[in-house]
2 protein chains.
Amino acid sequence: MKQKVTLKQIAKELDVSISTVSKALKDSVEISLDTRQKVKAFAKLYNYKPNNIALSLKNRKTKTIGVIIPEIVHHFFTTVIGGVEKVANEKGYNVIICSSNNSFDKEVINMEMLASGSADGFILSVAKETQLKKDYHHIEETMSQGMPVVLFDRIIDEVVCDKVIIDDAKGAQTATNHLLSLGCKKIAILTTVDYISVGKLRTNGYLRALRAYDIEENEELVLKIEDIDNCESEIHDFLENKEVDAVFAVNELFAVSAIKVLHAQGKNVPNDVAVIGFTDGILSKHFIPSLTTISQHGEDMGIRAAKLLIDKLEGDETMTEEYRTVIIDTSLVQRTSTKKSND
Amino acid sequence: MKQKVTLKQIAKELDVSISTVSKALKDSVEISLDTRQKVKAFAKLYNYKPNNIALSLKNRKTKTIGVIIPEIVHHFFTTVIGGVEKVANEKGYNVIICSSNNSFDKEVINMEMLASGSADGFILSVAKETQLKKDYHHIEETMSQGMPVVLFDRIIDEVVCDKVIIDDAKGAQTATNHLLSLGCKKIAILTTVDYISVGKLRTNGYLRALRAYDIEENEELVLKIEDIDNCESEIHDFLENKEVDAVFAVNELFAVSAIKVLHAQGKNVPNDVAVIGFTDGILSKHFIPSLTTISQHGEDMGIRAAKLLIDKLEGDETMTEEYRTVIIDTSLVQRTSTKKSND
DNA sequence: AAACCTTACGAAAACGTTTGCGTGTGGAAA
DNA sequence: TTTCCACACGCAAACGTTTTCGTAAGGTTT
């Protein structure tokens, strides 16, 4: 089995020094044209490719971005990754993706692993457990070692670094306003428990929209779902014998589950009850009825996050201490799960 | 800004040699207990972590698996990745994921990039373009440099290496048989163009099942869809004025699109027409009606692929020339888009 | 006191690169 | 003939490890 060819081997074959080979391949004027051509021909023949590891060691940078996300089997996160890859590849960076599986420990392990030589910087959305535990030492440690970190979506207010988020509250407000503008009065919200930052923010946006319409906040219309895998039965119990004319769900799954429950209860969506979701994924697009949602523009988030990180990576040391928070606009995608305004 | 601490720095601080520090951290008996403790305390204090890059260079292996898939925003592939990550992490391997975006060029670039030092081996599902082009030089080159490659799902018969696949034909046959056993006679198939290996295989399985039931093959019931983004209108035209009592779709999207078209044509699923899909994704589970499908067990595929690769990576050289093909069993997941047998 | 053995540590090579600087060779200028 | 300068190339250090081998100091045996 052929092994990878190195400078040393080429040098030996051609009976020159390693440095000569290296310089020849870089077209250095130090080396005669003749030798240069000979070396290059040989290198092509043997398919020489410089060893990235050796380069990383020498240059003290890997040209690699580490991305850590809570779940890999998740449409939103993969669209973000898509965006990251796009600009990373443009700029000659590699992308390593690890999932924390929403586990604090795995997040720490992955981060330490990548931090010890495999990546130059991080793009990170923190695990649920991390948000619950409020232990961010691994992030701060990484940053204190000079590696920039960009947080996205599930961010941490207490950590000072670059961030890319959507305005969750505003998005939720837009969603709720849309329902209100359709004439809905009794709007339920299906949200997550409070320690999930985005869930809480969306709940806030919902409440804010209601207040702006002078609608009294009604705790009976708020369902905070803990066990996502079992959401349908929770939603079922919640919606039973409850008079609502609209449902705002903070994610796709809650939205379609709600629709199923409503159907089972003999209600029509959107005619009897309007439903609006959050995150524009596969389900929203293809479900019947297709879902009106707030789109998070995941790819844009990835693009912006990668740009922020690479800026920091390649910027000079002076601007290193400046941190930015980019807010990606959400948009309302109107489909059929809410009535049209001009009906 | 603190920089990462190295053996050299610890050595200088403690006024011993680098080798002493290295040995002390490894609890070598060569070093006195006293020195060992001092060094370890210091290392902990400064949060010393060995530099992976240096280790990779020295050991000539990276403990990293490169995964290249055609699309990152794709439920099936992410489940496979989930499986790969599972066993990789167990065995102390890192996973780098790159998407080829179904582009041959990007597949080659990613592979060369990872091959030049970043990964010890590959798990790969080839891009559409690669299947069309039939150019596999990058894969063979990688293998000839001593890096093992495991192909999965979209494999290449011409390349000799480890492979993990499902029996697509058999799965399709199972699906078709299920429809036949429900009494369906006029079964349409929505498939891909032939150069997509899995599409072709599934079509073959469908035909085989029909023949076993002595049903004549009818070309009018076969739709080969080229433009996936526009499949719904293609399906619409195809199904118009066609008397069918069942549809077998080779993926989720075709299946739900078919159901939509059928609904629009006033047909009920499953009562008028039964529909069965392939790949058990989000849509299949949550769509109404929920889809009967053939599950590919993506996570299992990832697990098996990773095991094969790591075996090769850690096996001795003697068994290197043995290649295995693992066939993952598919299973029929019965939901509501097909009538129950005992109705 | 000579010969030997432990103990505890350091030197150096190796992994594959890049690059600043030193140097031998040849020809041209003086 | 001597001096000088390009030219073309090699040496060696550096990146951070691990590991083999060498060795100084000190103690133990004869």
Side-chain angles (χ1 to χ4, degrees), chain A residues 2-40 42-43 46-64 112-113 115-120 145-147, chain B residues 3-40 42-43 46-64 113 115-120 145-147:
Chain A
K2 249 192 328 188
Q3 271 302 311
K4 314 204 64 180
V5 58
T6 70
L7 288 185
K8 190 195 271 193
Q9 290 164 37
I10 300 184
K12 185 152 56 162
E13 295 277 338
L14 259 45
D15 207 34
V16 293
S17 77
I18 295 179
S19 14
T20 303
V21 178
S22 174
K23 286 171 185 165
L25 290 174
K26 296 200 128 45
D27 249 333
S28 158
V29 290
E30 268 188 278
I31 308 299
S32 72
L33 200 63
D34 195 48
T35 312
R36 265 187 269 171
Q37 288 171 339
K38 227 182 319 184
V39 170
K40 282 197 265 184
F42 208 86
Y46 279 80
N47 194 28
Y48 169 79
K49 294 264 163 44
N51 181 319
N52 283 334
I53 295 286
L55 287 178
S56 298
L57 184 59
K58 178 137 190 58
N59 300 332
R60 283 127 137 268
K61 56 182 163 189
T62 62
K63 279 277 188 175
T64 297
E112 289 186 346
M113 170 150 218
S116 53
S118 305
D120 296 337
Q145 290 182 343
M147 318 183 67
Chain B
Q3 272 303 308
K4 315 204 62 182
V5 57
T6 69
L7 288 184
K8 191 195 271 191
Q9 291 164 36
I10 300 183
K12 187 154 54 166
E13 295 278 338
L14 258 44
D15 208 34
V16 291
S17 77
I18 294 179
S19 11
T20 302
V21 178
S22 174
K23 288 170 188 169
L25 290 174
K26 294 199 132 43
D27 247 332
S28 159
V29 290
E30 270 188 277
I31 308 298
S32 72
L33 201 64
D34 195 49
T35 312
R36 266 186 269 171
Q37 288 172 340
K38 226 183 318 185
V39 170
K40 281 198 267 185
F42 208 86
Y46 278 80
N47 193 28
Y48 170 78
K49 293 264 160 44
N51 181 320
N52 283 335
I53 294 288
L55 287 179
S56 298
L57 184 59
K58 177 131 191 57
N59 301 331
R60 280 122 139 266
K61 57 183 164 191
T62 61
K63 279 277 187 174
T64 298
M113 170 151 218
S116 52
S118 305
D120 296 337
Q145 289 180 345
M147 321 183 66

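Reminder, nothing fancy here: chain letters follow the sequence lines and each chain counts from 1. Note: hydrogens, waters and symmetry copies are ignored here, and every other heavy atom, side chains too, is used.
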- [ ] Let me know, please, whether B/Ala54 or B/Thr20 comes out on the 5' side of the other along DNA chain C by nearest nucleotide.
- [x]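 Residue closer to the 5' terminus by nearest nucleotide: B/Thr20.
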Open item on the list: Reading DNA chain C from 5' onward, which residue's closest nucleotide shows up sooner: B/Leu57 or B/Val21?
Closed with: B/Val21
Take atom [atom1] of [X] and atom [atom2] of [N], then tell me their distance rounded to the nearest Å.
X: B/Lys58; N: D/dT17; atom1: NZ; atom2: C1'; value: 7 Å
X: A/Gln37; N: D/dA8; atom1: CD; atom2: C1'; value: 15 Å
X: A/Tyr48; N: C/dT17; atom1: OH; atom2: P; value: 3 Å
X: B/Ile31; N: C/dT6; atom1: CD1; atom2: C1'; value: 14 Å
X: B/Arg60; N: D/dT19; atom1: CZ; atom2: C1'; value: 15 Å
X: A/Gln9; N: C/dA14; atom1: CD; atom2: P; value: 15 Å
X: A/Lys61; N: C/dT18; atom1: NZ; atom2: P; value: 14 Å
X: B/Ile18; N: D/dC15; atom1: CD1; atom2: P; value: 9 Å

Task: B/Lys4 side chain vs A/Ala115 backbone, donor-acceptor pair below 3.5 Å - done: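 Between the backbone of A/Ala115 and the side chain of B/Lys4 there is a qualifying donor-acceptor contact (under 3.5 Å).
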- [ ] Please report the C-alpha distance between B/Tyr48 and B/Val21 in whole Å, then the side-chain angles of each, then the deciding distance to 0.1 Å, and finally whether the side chain to side chain contact (heavy atoms under 4.5 Å, CB included) criterion is met.
- [x] CA-CA 11 Å; B/Tyr48 170 78; B/Val21 178; over 6 Å; no
Classify the nucleic acid contact of [X] as base, sugar-phosphate or nothing, counting any heavy atom under 4.0 Å across all strands shown.
X: B/Thr6; answer: sugar-phosphate
X: A/Ser32; answer: sugar-phosphate
X: A/Ser56; answer: nothing

Task: Euclidean distance, B/Gln9 CD relative to B/Tyr46 OH, rounded to 0.5 Å - done: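 Atom-to-atom, B/Tyr46:OH and B/Gln9:CD are 9.0 Å apart.
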Task: Atom pair OG1 (B/Thr20) and NZ (B/Lys38), whose distance is rounded to the nearest 0.5 Å - done: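 Reported to 0.5 Å precision, the distance equals 11.0 Å.
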So which nucleotide from [options] ends up closest to the side chain of [X]?
X: B/Lys8; options: D/dT19, D/dC15, D/dT17; value: D/dC15
X: A/Glu30; options: D/dT19, C/dG22, C/dA14; value: C/dG22
X: A/Lys26; options: C/dG10, C/dT19, D/dG16; value: C/dT19

Task: Side-chain donor/acceptor contact of A/Ser19 with base of D/dC11 under 3.5 Å - done: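 In this structure, the two groups form a donor-acceptor pair.
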- [ ] Test for a donor-acceptor pair under 3.5 Å between the base of C/dG10 and the side chain of B/Lys23, counting only N and O atoms.
- [x]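 Between C/dG10 and B/Lys23, which were checked side chain against base, a qualifying N/O pair under 3.5 Å is present.
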Open item on the list: Under 4.0 Å from OP1 or OP2 of D/dA8: is there any side-chain N or O of A/Thr35 that close?
Closed with: no
Task: B/Pro50 to A/Ser116 - nearest heavy-atom pair and separation - done: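 Heavy atoms only, the tightest pair is O-CB, 3.7 Å.
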- [ ] Flag the pair A/Leu7 / A/Leu25 as yes when at least one side-chain heavy-atom distance between them is below 4.5 Å, and no otherwise.
- [x]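 Side chain of A/Leu7 against side chain of A/Leu25, heavy atoms only: contact under 4.5 Å found.
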Task: Terminal axes of the helix from C/dA1-D/dT30 to C/dA30-D/dT1 (five pairs each): angle between them, nearest 10 degrees - done: 80°
TODO: Answer yes or no: are there more than 12 heavy-atom neighbours, outside A/Lys63 itself, under 6.0 Å from its atom NZ?
DONE: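 More than 12 within 6.0 Å, yes.
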Task: Residue that, paired with A/Lys49, satisfies side-chain hydrogen bond (donor to acceptor under 3.5 Å, both in side chains) out of A/Asn51, A/Asn52, A/Asn47 - done: A/Asn47
